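Scroll down for the structure; my scribbles are underneath it.
Below, read A as the first sequence line, B as the second, and so on, with proteins coming before strands; counting in each chain starts at 1. Here the structure is a predicted model, which means the values were calculated and not measured.
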Amino acid sequence: MMIGIKDLERSWKEFNIKDINLTIDRGEYFVILGPTGSGKTLLLELIAGFYLPDAGEIWIDGVNVTNVTPEERGVGFVYQDYALFPHITVRENIEFGLRIKKLPKDEIERESSRMMDLLGITHLRNRYPDTLSGGERQKTATARALVLKPDLLLLDEPMSALDARTKSGMQDELKKIHKESGVTIVHVTHDQTEAMIMADRIGVMMNGRIAQVGTVREIFNMPKNRIIADFVGTENILEGFITEKTDGLIKINIGSAEISTLSDLETGCEVNVFIRPEDVIISREPQRTSARNNIEGVITKIVNLGAIVRIEINGELVAFTTKQSAEELELETGKHVHASFKSTAVHVLKK
Amino acid sequence: MSLKSIENVMEKIKKDKIFIFFLFLGFFLVFFVFITLGDMFYRQINDLSALFNAAKDPVVLTAMWLSIAATTLSTLIAFIFGVPLAYILARKDFIFKTVIEGIIDIPMMIPHVVAGIALYGVFMRSGVIGAPFNMLGLSLIDAFFGIVLAMLFVGLPYLVNTAREGFRTVDERLENVSRSLGASQWQTFQKVSFPLAFPSIYNGCILAWARGISEFSAVLIVAYFPKSAPILIYERFTSFGLQSSRPVAILFVLVCLAIFILLRSFKWRKK
């Protein structure tokens, strides 16, 4: 276990975090996912020791560090806008921690050169931070933290200021660094796609509390409640009740159609049904196999999102399909179609 | 400048009407200062020998050295005690913080003759500050160190307030990152907070220095002797009139201006 957090509590300005209990394993890439203002950054700052908690404990690598100063925790930290020291060059920024450690000059030079090389920023060594692009700043800040070879690296929305292209490059870069160095990473973001791409495990944070912890699959396909489902992009949240149950297979009446899936809930139970739009397939003909649910309907809305198309059926069910297949099926509003999804793609929660 | 480029400039000016208007308004202030000092200088041009004589007069030179030395020392003291205070005021919230900020502002708000009377009260032999000095055999009334303290009193708000604003502009997260990179609070102050706030601190020093050297009333009451430059000028004016005081005044202005321009010319910002 790399990080253990017990009953952590802290208020700071308008932020408030409470009842945080979390364990993060050594070498894990852990993403804290939550909307703006949910207290994610504050939690990260508490782990780094910039602020002391009002209550609770923080353990890092088997040591209770609750009252340990940040400089003694040896935790790497990268802020959202990178917080580079504006009065010194890229190289001096990266060498900052090494100089504090009073390492021999040649070692400092070797380590910072190696780091700049690794991140491909050697050509920027004598530049000042305010002359760098977002991506270059990101790399400098990451290099500055990593050059000290921390066991734990905390990233606060590290990609939110980057354009889409730089972002995906940086995601690859971070994954590579994570894999090669074995450093434990805690990464805070509000971007569910980023969480999906980066995380080994995700902790969803809402209103200052950890609402759910789980693997990517668990968070996105089996959200614990409606609010989390909504936040992680489960656009189809249908309401219904269980009409029948045989051998764990239930049938749910959602008004316009019947959905079958596996569940341990009982007949008569009022439920919410969650289906991710990317799990819904649109076709012209019904796809009747025992493992699939099929809903017939009329397309009420089509929105082109670039490579994918968002299709609304009967005004209640949303499906994503590729632009190409939408064209092949000649989808347009008013057209009669069949929407199908596997029974395993259906997540049912008692209302 | 070619005709073409003059045309270009005129073209630009037409597009910047608001600035022309504002420049016109602002120029009024510049003109006010310029005409006042310019007039004094202009009148003296007819009698340059008096100016040269003043520059050779040991009494005048001593007074000016004394003023410069006293204000430099008072700025140094304000720096040593003011920078830490400014840092606390910029970083921490605590009860009575506004009270402390208010106390620091007081010397800026009261008439300096009042400051002089108040200082006289605490500096005299039986005064709160004067008594301990007196036990060491030092007098603050009519003494160099008394002048320094009077200058400190009137100059300190400028240094503390300017430095505080400087520290406020330093992002606290830079300090956090510094700590996470292994730097202690001391090292973080030395390597991050202080250098980043330094342009403001330096400005505050210049303001405090200028405030000190230009102080008259408080110094007049606390220490008529040894004579600092403003006192000497005043004395010459009351005893011998404009003819006698103006050369010294001009010389003093020239010296102060030269030092001021020199101090201002240092650019502490990174390129």
Side-chain angles (χ1 to χ4, degrees), chain A residues 12-13 41-42 44-51 60 68-89 92-103 126-131 137 140-150 152-156, chain B residues 79 83-84 86-95 97-98 101 162-206 263-271:
Chain A
W12 187 76
K13 292 190 179 167
T41 300
L42 180 56
L44 220 53
E45 289 177 322
L46 286 167
I47 297 174
F50 300 155
Y51 305 104
I60 295 178
V68 171
T69 60
E71 59 267 32
E72 282 163 0
R73 293 192 195 191
V75 172
F77 200 103
V78 177
Y79 267 114
Q80 182 165 10
D81 56 5
Y82 317 128
L84 295 173
F85 303 126
H87 59 306
I88 53 179
T89 62
E92 291 166 326
N93 262 280
I94 295 169
E95 291 178 353
F96 188 92
L98 300 169
R99 288 189 188 171
I100 293 288
K101 272 188 172 175
K102 298 206 163 61
L103 294 180
N126 294 321
R127 298 258 295 268
Y128 283 89
D130 59 4
T131 68
R137 285 177 202 199
T140 306
T142 310
R144 181 176 64 178
L146 283 176
V147 77
L148 296 172
K149 303 191 180 82
L152 177 59
L153 181 62
L154 307 177
L155 308 173
D156 176 25
Chain B
F79 174 86
V83 169
Y87 187 62
I88 294 172
L89 292 175
R91 277 289 175 264
K92 295 288 173 195
D93 278 316
F94 47 90
I95 42 164
K97 181 173 160 179
T98 44
E101 285 176 328
T162 316
R164 184 191 61 203
E165 291 316 306
F167 282 123
R168 277 205 183 133
T169 61
V170 178
D171 190 342
E172 211 168 337
R173 294 174 316 159
L174 293 175
E175 295 173 357
N176 288 345
V177 168
S178 165
R179 304 279 305 273
S180 81
L181 293 170
S184 66
Q185 280 180 304
W186 268 110
Q187 288 169 318
T188 297
F189 183 80
Q190 275 171 34
K191 291 180 191 293
V192 179
S193 325
F194 185 78
L196 284 172
F198 190 72
S200 294
I201 295 169
Y202 183 71
N203 251 333
C205 287
I206 292 180
L263 292 174
R264 282 273 192 216
S265 66
F266 286 113
K267 286 273 174 264
W268 294 105
R269 286 184 55 82
K270 61 165 212 281
K271 4 166 229 156

Do the side chains of [Y] and [X] get nearer than 4.5 Å, heavy atoms only?
X: A:E71; Y: B:T188; answer: no
X: A:Y79; Y: B:D171; answer: no
X: B:V177; Y: A:F96; answer: no

Report which part of [X] has an atom under 4.5 Å of a heavy atom belonging to chain B: side chain, backbone, both, or neither.
X: A:E72; answer: neither
X: A:F77; answer: both
X: A:F85; answer: both
X: A:L98; answer: neither
X: A:R99; answer: neither

Quiz item: When rounded to the nearest 0.5 angstrom, what distance separates CG in B:L181 from CD in A:E95?
Solution: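 These two atoms lie 12.5 Å from each other.
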Quiz item: How many angstroms lie between CZ in B:R173 and OG1 in A:T41, if you round to the nearest 0.5 Å?
Solution: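 Output value for this atom pair is 9.0 Å.
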Quiz prompt | Any residue meeting ring pair (Phe, Tyr, Trp, His ring centres under 6.0 Å) with B:F79, in chain and number order, not counting sequence neighbours | solution =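 By the ring pair (Phe, Tyr, Trp, His ring centres under 6.0 Å) rule, B:F79 matches no residue at all.
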Quiz item: Which residues pass the side-chain hydrogen bond (donor to acceptor under 3.5 Å, both in side chains) test with B:E175, sequence neighbours left out?
Solution: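 Residues passing side-chain hydrogen bond (donor to acceptor under 3.5 Å, both in side chains) with B:E175: B:Y87, B:R91, B:S193.
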Quiz item: Looking at A:A83, A:G49, A:G76, which one has more heavy-atom pairs under 4.5 Å with chain B than the rest?
Solution: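 Of the candidates given, the most pairs with chain B belong to A:A83.
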